Amino acid sequence: MLFKTHPSKFYSLPHTQKSSIPPIQAFTTLLKSCSSSPYQLKQIHALLLTTGLSIKNRLITHLLTNLTLLGHMSYARQLFDEMHKPRTFLWNTLIKGYVKNELPIEAASVYRQMHLIGVRPDSFTYPFVVKACAQLPELWAGGAVHVHVVKYGLEFVSMVRTELMIMYVKFGEMGLAEFLFGSMVERDVVAWNALIAVCVQNGFASKALGLFHQMSLAGIKPDAVTIVSALSACGQLGCLEIGEETYGVARKEGIDCNIIVENARLDMYIKCGNTDMARTLFNKMPQRNVISWSTMILGYAINGETEKALALFSRMKNEGVQPNYVTYLGVLSACSHAGLVNEGWAYFNHMAQSGHKNIQPRKEHYACMVDLLGRSGHLEEAYNFIKRMPIEPDAGVWGALLGACAIHHDVKLGQHVADLLFEVAPDIASYHVIMSNIYAAVGRWDFVDKVRLKMRKKGVKKVAGYSSVEFNSEFHFFYGGDRSHPQSAYIYEKLEVLLKQIKSIGYIPKTSSVFHDVETEEKEVTISTHSEKLAIAFGLINVRPEYPIRVMKNLRTCDDCHNFSKFVSKITMREIIMRDKIRFHHFRNGVCSCKDFW
DNA sequence: GTAGGGTTAG
């Protein structure tokens, strides 16, 4: 700031002997507040050298720190390399810089170099080195670093241990993380929060809720950060009751009036399929940021309330809130879920032509457009659209087209797309399953077997489908053909009665069900005991009639289950809300909110 | 003189 407005003042500073501010202090202040361009920083550096102050490590450190914060890592590295015997904290600063700029390999190599030269790392070094290891694709470096940590006797340093825990959860090593946590000397609120947050972020939501519970038993008061992670876990699991209880805790602790907490709560309502509660909260929030708006828009989109999503988007712009690229993902997926091709094009073109750097279409937006075009039957157009992409299409983009080929039974294009897709992402089970479903739908069982064989050879395993229902603040999980639930006998009995009833009003099981990008449950399990059917039967037995039955599914639902749910909602007069992998289906009186377009 | 945790999307 100072530099921009009064450059002359700045340049004269170090030379002004008479100045009341000593030069070193002046530099320090300046560099601390400095957020200048690399050019300006270079000038400052040059000035430091000419005034003979370069030996002052303190100033160099500020400069180095500023460079790393601004992302000018190559210049920071150059500065570092010019130093004579940099001390440990300077090494730490450089490593920290690489980690903050998500350059874990560079960070790790600086750490290695440190070792080779014989500079002893300290307790400030490891939090960052471990964080770098957590950003690497494989765990082995992290394991080696853990050994060093033990060797230097730093394993009980709270922050080092916290970072190690985070690293292990990221690599799915929950057991190791829990061991480290359990044997921690002081488990403060931040350590709890770190573990809970990383569990949520890596798909261990029920583990996160378990920890949240344990935390209160241990007498540690949650803060806003804890609540945000807990609410996020509830959203992931789709548990509205526990979500409300969590919010109750926040209110009791007086940490509910925080925009991040409110956004997390908003998201929780959305992910539980309750747009009414979300809207009520949204409307009474004293402040809303772009995340609040985007969450609400996306919420309408995935719940099939397309008009509301688009209306909210224009209200957002009228109120002068700048949409970001996530907001546009919400808008485009609203169009996609409703088959609004023209509107989708209009929004997409607006993004591309806006001139705003932060809303230039990204791969996700392209995938959304491909999905929209493909789902609506414009397969050729979708393919050409990908071919014209200015950025390299990724698996998500090709996957969207493959999914569309499955819906429209286009074997030829499907095969072609699969070839391209498996070049980019050979090991993703769901894409192989879609391809096998494409063949299955047209009766090419020879090819189906080939795909299965290929999967077996590659060791690609499909994910088992399951559905869950929350009841009395507890989860009930069902797999296809599952008989492990204590109420199993009643559930199957109920299911039988339901099938008889709906058959009498026209339900015909679609045994040759068309698969969308669904991964079917085990082959031997008949269609009548798909996990969502069991979950619905369970819900009908247990959930009070005034409440809807909320079923959460990890994969997409199949045609037959979709049809089944419509009929059941009709004869039982119950609302069934089903969340599949990418959207909601609200079944009321025989009709689904998705209008059978998904 | 430096250190650990949070919301949308993927």
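Just so it is clear: chains get the letters A, B, ... in the order the sequence lines come, proteins before strands, and each one is counted from 1. None of the values given here were measured: they were computed from a predicted structure.
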Kindly say whether [Y] contributes a backbone atom to a donor-acceptor pair with the side chain of [X] at under 3.5 angstrom?
X: A:R161; Y: A:A191; answer: no
X: A:S232; Y: A:V228; answer: no
X: A:T68; Y: A:G97; answer: no
X: A:H365; Y: A:R362; answer: yes
X: A:R556; Y: A:W598; answer: yes

[X] side chain, from C-beta outward: closest of [options]:
X: A:T162; options: B:dG4, B:dT8, B:dA9; answer: B:dG4
X: A:Y325; options: B:dA9, B:dG6, B:dA3; answer: B:dA9
X: A:S229; options: B:dG6, B:dG4, B:dT8; answer: B:dG6
X: A:N258; options: B:dT7, B:dG6, B:dA9; answer: B:dG6
X: A:L298; options: B:dT8, B:dA3, B:dG6; answer: B:dT8
X: A:M184; options: B:dT7, B:dA3, B:dG4; answer: B:dG4
X: A:E163; options: B:dA3, B:dT7, B:dG4; answer: B:dG4
X: A:S123; options: B:dA3, B:dA9, B:dG4; answer: B:dA3
X: A:A264; options: B:dT7, B:dA9, B:dT2; answer: B:dT7

Q) Has A:K100 got a side-chain N or O lying under 4.0 Å from the OP1 or OP2 atom of B:dT2? A) no

(Q) Working note: A:S336 + A:D371, criterion side chain to side chain donor-acceptor pair (under 3.5 Å); need CA distance, chi angles, decisive distance, verdict. (A) CA-CA 7 Å; A:S336 169; A:D371 185 68; 2.5 Å; yes

Does [X] reach a base, just sugar-phosphate, or nothing at all? Heavy atoms under 4.0 Å.
X: A:S294; result: base
X: A:A224; result: base
X: A:V261; result: base
X: A:K363; result: nothing

**Q.** Aromatic plane relationship, A:H115 with A:Y152 - under 30° parallel, 30 to 60° tilted, over 60° perpendicular
**A.** tilted

Roughly how many Å is it from [atom1] in [X] to [atom2] in [N], rounded to a whole number?
X: A:M316; N: B:dT8; atom1: CE; atom2: P; answer: 16 Å
X: A:R265; N: B:dT7; atom1: CZ; atom2: P; answer: 18 Å
X: A:Y347; N: B:dA9; atom1: OH; atom2: P; answer: 19 Å
X: A:E253; N: B:dG6; atom1: CD; atom2: C1'; answer: 17 Å
X: A:L64; N: B:dT2; atom1: CG; atom2: P; answer: 15 Å
X: A:I166; N: B:dG6; atom1: CD1; atom2: C1'; answer: 12 Å
X: A:I260; N: B:dG6; atom1: CD1; atom2: C1'; answer: 6 Å
X: A:E364; N: B:dT8; atom1: CD; atom2: C1'; answer: 13 Å

(Q) Expected output is a numbered-order residue list: members of residues 124-134 of chain A with a heavy atom under 4.0 Å from any atom of DNA chain B. What is it? (A) A:F124, A:F128, A:K131

Q) Does any N or O donor sit under 3.5 Å from an N or O acceptor when you compare the side chain of A:S158 with the base of B:dG4? A) yes

Q | Polar side-chain contact A:D223-B:dG6 base: donor and acceptor under 3.5 Å | A | no

Q. Should A:N92 and A:T125 be marked as a side chain to side chain donor-acceptor pair (under 3.5 Å) after you check the CA-CA gap, both sets of side-chain angles, and the distance that decides it?
A. CA-CA 5 Å; A:N92 294 349; A:T125 315; 2.8 Å; yes

Q) Looking at A:F181, does the NZ or CZ of A:R187 lie under 6.0 angstrom from its six-membered ring centre and within 45 degrees of the ring axis? A) yes

